[in-house]
Structures are given as structure tokens and as C-alpha cells.
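Questions regarding the structure given below will be posed in turn.
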Amino acid sequence: MLYNLGDRSISDYETKEAVRGFIHRAGNRKVIIMAKSEEPSAFFDALECGAASYIPPSVGLEDLIEAMRLSSSKSVVISRKSVEVLRKAMTLQPAAASQKCGLERYFTERQLAVARALQRGAANKTIAYELDLCESTVKVHIRNIMRKLKATNRTQAAYKLNELAQGNTSIEVRSGS
């Protein structure tokens, strides 16, 4: 089965959930994801969702047909062109990883979304509405964020989040969730 993401990004939380749901409903049929993104992380996100293959726009019709033909329950099909993109990304990865600073290195995807709202000074109810979460879930995320930052209140947490976002490495952050 083919699932075309179009312009949507597979790294987007809602898109990932939609893909996972589709793959679950597909049962034992193999699902191949098609998208317009050449991002190396898109390959891994698709595979993480359970796809048998990920087809970026640089892959031709012949490779798409081959991916459909070769997909089985025990393998993942990656086209030669996709492997070239992944190889190039892997050689650039050490430089990119060393440049990764800010909040992304400390928080999960959801915590990061809550942390950014907290930086803006948004109330729990507003954060819950914006992120389509329960207010109690937002409170748990904020509590975990504050614990990681060793902050005793929201204002202190917002200050430390702003410092981290600006690359201040003197802010101490606990690891873990």
C-alpha cells in the first residue's frame, strides 16, 4: 500500500500519528511512504512508524515499483538514491551534532513544545489548547521541565529556558525525563 504525505512532514507529531494509524489499519500489508522531503530523518521516522519503505522525490518510478515488489515482513527497502542521501547526511552529522545547541538537546518533542509555550508565558490552559493536550498532561510536562532545569517556579524556568535557547551553556540541566 502507498501512503502519500504530500507536503506534510513525517517528523510532525500529528502526521506520525496518522501514519501509525494507517499502518495499523493496514494489518499485515506492507506500507510504503511517499513524501516530498529528502531529510534523512524522514527515512528513520517512516521506518519507526512501521513503514516498509520511504520514497523521497529524488527516487524514480522504477525504484518505487521495485520497493513495492521487494517489500516483505522481514526487510526494509531503501533505494540506492536514498542510501546516497543517508550516507551524505552521516558524513555531515558530526559537525551538525556539535552545532546542536538550545533546547532540542535537553527535551523530548512534547516537552520542547510545552517549554516553548512556557517561555512565552502561556498559561497551562492555553498550552493545553494549543497542543491539544489535557491540562493535567501539561502540568506533568511542566513539572518535568522544571525538574530538569532545577527551577523552583515558572518564572525561573522561563528564564533558564531563554538562556538555554540562546546557547548559554552555564545553565545546569538534569538528564532524564
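Quick caveat, the model's predicted, so the values are computed rather than measured.
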**Study point:** Side-chain heavy-atom pair Tyr13, Arg110 within 4.5 angstrom cut-off
**Key:**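 Side-chain contact under 4.5 Å: yes.
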Review point. To the nearest 0.5 Å, how far apart are OG1 in Thr126 and CD in Glu135?
Key: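 Rounded to the nearest 0.5 Å, the OG1-CD separation comes to 9.0 Å.
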**Study point:** side chain to side chain contact (heavy atoms under 4.5 Å, CB included) partners of Arg120, counting only residues at least two apart
**Key:**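 Counting only residues at least two positions away or on another chain, Arg120 forms a side chain to side chain contact (heavy atoms under 4.5 Å, CB included) with Ala117, Ala122, Glu130.
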Practice item. Calculate, to the nearest 0.5 Å, the distance between atoms CZ and OG1 belonging to Arg147 and Thr152 respectively. Key: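 It comes to 14.0 Å.
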Practice item. Measure the shortest side-chain to side-chain distance between Arg154 and Asn124 over non-hydrogen atoms and say whether it is less than 4.5 angstrom. Key: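 With C-beta onward as the side chain, the pair touches.
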Exercise for review: For the pair Lys160 (side chain) and Leu149 (backbone), establish whether a donor and an acceptor sit closer than 3.5 Å, ignoring hydrogens and angles.
Suggested key: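 Yes; at least one donor-acceptor contact below 3.5 Å.
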Exercise for review: Could you check Glu48 against Asp45 for side chain to side chain contact (heavy atoms under 4.5 Å, CB included), going step by step and ending with a plain yes or no?
Suggested key: CA-CA 5 Å; Glu48 177 188 309; Asp45 287 335; 4.3 Å; yes
**Study point:** Neighbour count >12 (heavy atoms, 6.0 Å) for atom CG, Asp132
**Key:**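 No, because the 6.0 Å sphere around CG of Asp132 holds 12 heavy atoms or fewer from other groups.
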Review point. Can you find a heavy atom in the side chain of Arg20 that is under 4.5 Å from one in the side chain of Ile23?
Key: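 With C-beta onward as the side chain, the pair stays apart.
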Check your understanding: Taking the side chain from Lys16 and the backbone from Ser9, do they hold a donor-acceptor pair closer than 3.5 Å?
Key ->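 Not at all, since once roles are kept as given, no pair shorter than 3.5 Å links the two residues.
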Review point. Do Ile33 and Phe22 sit in the same hydrophobic cluster, where Ile, Leu, Val, Met, Phe, Trp and Tyr count as joined when their side-chain heavy atoms come under 4.5 Å apart?
Key: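 In one cluster with Ile33: Phe22, yes.
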Check your understanding: Can you find a pair of side-chain heavy atoms, one from Asn144 and one from Gln111, that are under 4.5 Å apart?
Key ->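 SC-SC contact between Asn144 and Gln111 confirmed.
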**Study point:** Distance (rounded to the nearest 0.5 Å) between Lys30 NZ and Met1 CE
**Key:**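 Rounded to the nearest 0.5 Å, the NZ-CE separation comes out at 12.0 Å.
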Check your understanding: Is the number of heavy atoms from other residues, nucleotides or ligands within 6.0 Å of OH (Tyr159) greater than 12?
Key ->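 It does not: Tyr159 OH has 12 such atoms or fewer within range.
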Check your understanding: With the threshold set at 4.0 Å, does a side-chain nitrogen-carboxylate oxygen contact exist between Arg116 and Glu104?
Key ->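 Yes, charged N to carboxylate O under 4.0 Å.
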Review point. Quick one: are Leu131 and Thr137 in side-chain contact, heavy atoms under 4.5 Å?
Key: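 Side-chain contact under 4.5 Å: no.
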